[in-house]
Amino acid sequence: MIELKDYSDITEENIINYFNKKNVATSDNIDFCNVRRNLGLVYDGEYKTAGFCGCCYLKDIYGNYILDNNGDKVILNIPKSRFSEDSEDCILNMLNKIMTDDEFDQYFSNDLEEGKRLITYFFDEDLILAKSTIDEYKILTYISFVRLVLDFTRRGLMSKSVRKTQNFTGKIRGKIDIKNQITKNVMRGRDDRQYCKYSEKSVDIMENQVIKYALNIVIKDSKSLGLNSIERSIGILKRRFSGVSDVKLSVSEIDRIILPAMYQSYRPMFQLAKVIISEKTLYPTSDGDRVGVIPYAINMPFLFECYVRTILKEQIKNINEKNKNYYIEMKKFVPDKRRSYDESYGCRMSTKKDCYIKGNLVPDIVLEYYEDDKIKTKGYRVYDVKYKWSDNKNNARDDRLQFLAYCFIYGVRGEIEDEDDVHFYSGLIFPKQNGKKSNDAKINFKQDNQSNRAWYHQLFIDINPENIDTNPENIDTWKWLEW
């Protein structure tokens, strides 16, 4: 197994030589990497990992599995963030945190293409063997499974036409079952009754019983794993599956299920259900039980953006409860900022033909401040979330100019400190790193052929929610949210 961190240069000579020798598949550009090419592994003169944490089998440029000297498949594992000083628990803590957000459905949407969504599973690849005691993978699997079941059952459960027989009084449904009609009605003098056989749509079918069986396992384990954040979702699913029988099924019975063509999109949900059900029985080995882990990738920049939104919403709620002079509203989440745009998001796009800002510019976070009547707008603040080192020189100026464009489009409030300096009450948000504290940073720009300096907030938020100071009275931490 090769263990690395996300967005990091690979400096170990033995790994570099191994990659060169084995002709490992890589992407050419870290900004447009292919998540299926070894979790976005990049080579542009040197090897680098991309913004994905996860686990997969290492493959060569032809798509073949790479084997070690013992003939076993080599596993590429990126278990934790480069900003994490402890274990991979920070990823699970962030996932647990965003599950409390009212926009979690949008965060976990599967509408985005592969690699751009929050979690991508590679269901068409071989399972990776891992010890069944790994609670971290259990939690990730349970969260994903509950989310998929919620998605796929929103419009109702899968149903099939089933054959039923019933003895009716004074009516006929379907066709008369001649044999039972004679033996159970005619021979007993019950001419008023009709024994019928008919077809009926039912949700109490094996496919739904598999999902409910896996769901019951999740319910049983969720408390011991500390998954309190999915209790509400589980309550919804309990009501949806109330008409489905509780049946224990073996792995062999599940394997025999063939999904109809119209339900092929349900396959990922079934594959996760199978992993949950077969946890203790799949791949028994001499050194203990193991589970088959589905290769997966977590989009860390996306996860951090959703996490920051959740943290800020909690603080905004505290401020709104205590402040009577104004009201703060965070604008709705836009998952694909390059394709989608909605006027209700609050952006005031320029209509000038000679405007140098083109396209759909949608910041990660837009805060709209209202007067105390919650109707009249006081103004906007915009924040762009950057999952990178704050002192990274690559694209640093592009990030600042992008943020400056947001400020101009939204008419962000700025204070002119002198004729050359303007201070915008907005900024960039980074993961907490190397003990840095939130501060003000600047960018030089030209407007009307005059040199100016723009100052903005440079904010740092810890990726471990347990380390965040949530006290709204802490001026140093949250004062930048005030109007």
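The line from NZ of Lys59 to CD1 of Ile66 is 10.5 Å long, rounded to the nearest 0.5 Å. Taking CG from Leu39 and CG from Leu4, the interatomic distance works out to 9.5 Å, rounded to the nearest 0.5 Å.
Remark: Glu207 does not engage Lys212 in a salt bridge, criterion side-chain N to carboxylate O under 4.0 Å. Electrostatic pairing of Arg381 and Glu368 does not count as a salt bridge here, judged by no charged N lying under 4.0 Å from a carboxylate O. Salt bridge annotation for Arg36-Asp124: present, with a cationic side-chain nitrogen under 4.0 angstrom from a carboxylate oxygen. Residues Asp384 and Lys386 are paired through a salt bridge, judged by an N-O separation under 4.0 Å between the basic side chain and the carboxylate.
Side-chain atoms of Asp191 and Asn185 form no donor-acceptor pair, as typed in the model, at a separation below 3.5 Å. For the residue pair Tyr198/Gln166, the side-chain donor-acceptor check at 3.5 Å is satisfied. If you check the side chains of Tyr213 and Gln209, you find no donor sitting under 3.5 Å from an acceptor. Side chain to side chain, Asp221 and Tyr142 meet the donor-acceptor criterion of an N or O pair below 3.5 Å. Between the side chains of Thr183 and Tyr195, no donor-acceptor pair of N or O atoms lies under 3.5 Å. In this structure, a donor-acceptor pair under 3.5 Å is absent between the side chains of Glu305 and Tyr307. There is no side-chain donor-acceptor pair under 3.5 Å between Asn34 and Ser27. Side-chain contact, Arg240 with Thr153: a donor N or O sits under 3.5 Å from an acceptor N or O.
For Phe83 and Phe430, the ring centers sit 6.0 Å or farther from each other.
Evaluation of the ring pair (Phe, Tyr, Trp, His ring centres under 6.0 Å) rule for Tyr327 yields no partner, not counting sequence neighbours. Residues that satisfy the ring pair (Phe, Tyr, Trp, His ring centres under 6.0 Å) test with Tyr266, not counting sequence neighbours, are Phe152, Tyr263. For Tyr383, the ring pair (Phe, Tyr, Trp, His ring centres under 6.0 Å) partners at least two apart in sequence or on another chain are Trp480.
Ring geometry for Phe104 versus Tyr107: interplanar angle over 60°, hence perpendicular rather than tilted (30 to 60°). Relative ring orientation between Tyr57 and Tyr65 is described as perpendicular, the plane-to-plane angle rising above 60° on a 0-90° scale split at 30° and 60°.
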Leu312 and Ile429: CA distance, side-chain angles, deciding distance, side chain to side chain contact (heavy atoms under 4.5 Å, CB included) verdict: CA-CA 11 Å; Leu312 294 193; Ile429 301 178; 4.2 Å; yes

Worked check of side chain to side chain contact (heavy atoms under 4.5 Å, CB included) between Ile178 and Ile176: CA-CA 6 Å; Ile178 301 299; Ile176 294 178; 4.2 Å; yes

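Within the cation-pi definition used here (under 6.0 Å to the ring centroid, within 45° of the axis), Arg173 does not qualify as a partner of Phe168.
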